[in-house]
Amino acid sequence: MAMPDWTYGPLRAPAGALVGVRRSQRWALGLLAAVCSVPGGRLLARTMAGTEEYPEQRGSLLGHDLVSPVGVSAGAEVGRPVLRAMPEIGAAVVEIGPLSPQEARELRREIAASAAPVLLRCAPGRSAEVRDAVGSPPTVAGYVEGDRLIDTALQQRGVVVRTDDPDDVAQHRAGHEVVVAVTDSGDAEVGRALAAAGADAVLLHSRALVDGGPGVPNHLVRSLLPAPVAEPAPTAREVLRTAPWSWPMWACGVGLGVGMLAGGVGAAAVTVGPGLLWYDEDYLGMTREQLDSLVPRFVPFLQHDRITLAGTMVCLGILYVALSYCGLRQGIHAAERALRWSAVLGFPTLLYFLGTGYFEPLHAGLAAVLTPMFLLATRSREPRRWSEPRRPPPEVARRGLTGQLLVVSMSVGLIVAGLFISVTGLTYVYVPTDLVYIGHDAFHLHALNPALQGFAAHDRAGFGGALLSAGVGLSLLSICCWAPGRRWVWWAVTLSMLAGFVPTLIVHVAVGYVDPGHLLPAYVGFVVTAVGSVLARRHLYDDARLG
């Protein structure tokens, strides 16, 4: 009931058929609650669900400030996971009940730790008992008895209307200080109408979340936001007339992306051209011809690593340009999050060469050129703008969410692979299939030339770092920026996929490194992303047909 849309939508039916509908819903909610309970889990849950903060959205309820007027209403049987998880994915207020004093006592810790104000629904005449059972945590906003809304001093302050009809809200608004509407509908139009009729808070019943998915609170929050008035972003020509340190964040991000693109193309050109430059030969203490005669397959092995690294750098460049020009420039805060985390986590891996013993001037020069642009691109925030995207037909939405799940899964795989390859490059350097391909074991290679290991480690570790950065950027792009009609997301995913996987597969075939086990992750990643891109095309690309 409270997993991200891109897992809930595609996996809801299979999970229900496998373990039962109700049990699968509870397991999903319990899993998200467990994530929120560990250090850093709340940030992870908010990120995975694509939750954003909208500081312009404000409200209040019985003296408690609300970040938005949208909340949820759930039964006591799921009170513990709902209180832990739902505030992290869009619920600004939570109603739990009906509660007996014993159930309230059992939930006391979760109520006190809730990140959102809590309304406790009680049996008629039992609010005093429930208050005594809970104590007086500041998170409790009030109590609900039937349709009566009671503050913490047990004074009636308003009414709770369980309806989807705005007229019911309007009728109660005239005679009550506070009106809370509880709706079974997850439709944004219904939520907007209830708020417009005078509801201080609109609570989505758990049935609405089951039917519409966990993204419903966020969709409703965005639908209630007034369209912000923002000055148009400056043109590229206007930006280039100013000094780089005064560029907006999106322009610095574009510069960082262009630098990565240029670095990737340059690395590929050197690899397919001379293969080894003069400083490579100086470090090894031998020419390429000597190395070829000593270990014939070592240079092809280097070429396969370097082309793969070059493709990953081009992939990163495409992601950064798309996130910056098409995302940040439009005021999409999620694009800022994706760019910032990808750059902050991935850029320091450019310094891996300090741990391999091989200082490559070209690598160091690229790091020196890109470092100022990296610092400028992550120094500040862009003005936020937003809009509620049009909701696609159910079949289009289902295919789009399935495609999103596939792309996110592949992106997480890239992160895992990047971490593994980074550790391997900085320690053992070679995996068993590498040594089979080269035709020598690691001890023999070290005996032939001790510099070979550090030389190979430089490329291997650098590839791992770039892959980690690309995985973080692509996963956050796919989780946070995925919305109907955003063509640039489809193009970013598709082009980065082609740049990352196609050169990798081609170079392995070209150098004869075709071990099935070694290439299996690349084939799987390419197929999974391609299928995801095809499934999501109409959802992301052709907004005009969503009607």
*Can you tell me which residue pairs pass the salt bridge (Lys or Arg N to Asp or Glu O under 4.0 Å) test with a partner in residues 91-100, sequence neighbours excluded?*
Glu95-Arg121, Glu95-Arg162
Hey, does the side chain of [X] reach the backbone of [Y] with a donor-acceptor pair shorter than 3.5 angstrom?
| X | Y | value |
| --- | --- | --- |
| Arg173 | His176 | yes |
| Gln330 | Gly327 | no |
| Ser496 | Val493 | yes |
| Arg148 | Gly158 | no |
| Asp200 | Val179 | yes |
| Gln404 | Gly400 | no |
| Ser60 | Gly63 | no |

If you compare all heavy atoms of [X] against all heavy atoms of [Y], which two are closest, and at what distance to 0.1 Å?
| X | Y | value |
| --- | --- | --- |
| Ile415 | Ser475 | CD1-OG, 3.9 Å |
| Leu540 | Ala483 | CD2-O, 3.3 Å |
| Ala116 | Ala91 | CB-O, 3.7 Å |
| Ala470 | Leu319 | O-CD1, 3.9 Å |
| Trp482 | His539 | NE1-CD2, 3.4 Å |
| Val169 | Ala181 | CG2-CB, 4.0 Å |

Nearest 0.5 Å, what's the [atom1]-[atom2] distance between [X] and [Y]?
| X | Y | atom1 | atom2 | value |
| --- | --- | --- | --- | --- |
| Ser411 | Leu476 | OG | CG | 9.0 Å |
| Glu103 | Leu120 | CD | CG | 11.5 Å |
| His172 | Asp167 | NE2 | CG | 12.0 Å |
| Ser422 | Leu467 | OG | CG | 8.0 Å |
| Cys481 | Trp488 | SG | CH2 | 4.0 Å |
| Asp132 | Glu129 | CG | CD | 8.0 Å |

Please enumerate all residues that pass side-chain contact (heavy atoms from CB on, under 4.5 Å) together with [X], with sequence neighbours excluded.
| X | result |
| --- | --- |
| Arg131 | Tyr143, Leu154 |
| Val531 | Leu406, Val527, Leu535 |
| Asp164 | Thr183, Asp184, Ser185, Val190 |
| Thr494 | Trp490, Met497, Leu498, Ser533 |

Heavy-atom side-chain proximity of [X] to [Y] below 4.5 angstrom:
| X | Y | answer |
| --- | --- | --- |
| Pro81 | Arg84 | no |
| Val94 | Ile96 | yes |
| Val160 | Val182 | yes |
| Ser114 | Pro87 | yes |
| Leu99 | Cys122 | no |
| Val144 | Ile150 | no |
| Leu83 | Ile111 | yes |
| Val180 | Val161 | no |

*Results of side chain to side chain donor-acceptor pair (under 3.5 Å) for Arg105 - residues two or more places apart only*: Gln102
_Stepwise side-chain contact (heavy atoms from CB on, under 4.5 Å) check, Val134 with Val140_ = CA-CA 9 Å; Val134 172; Val140 175; 4.2 Å; yes
_Before you tell me yes or no, could you show the steps for Met410 and Leu474 under side-chain contact (heavy atoms from CB on, under 4.5 Å), namely the whole-Å CA-CA distance, both residues' side-chain angles and the distance that decides it to 0.1 Å?_
CA-CA 9 Å; Met410 186 278 300; Leu474 190 57; 3.4 Å; yes
*Do the side-chain N and O atoms of Ser342 and Ser469 include a donor-acceptor pair separated by under 3.5 angstrom?*
yes
*Check step by step if side-chain hydrogen bond (donor to acceptor under 3.5 Å, both in side chains) holds for Glu145 and Ser127.*
CA-CA 7 Å; Glu145 289 186 6; Ser127 56; 2.7 Å; yes
*So Leu61 and Leu119, side-chain contact (heavy atoms from CB on, under 4.5 Å) or not? Walk me through it.*
CA-CA 10 Å; Leu61 180 68; Leu119 294 175; 4.1 Å; yes
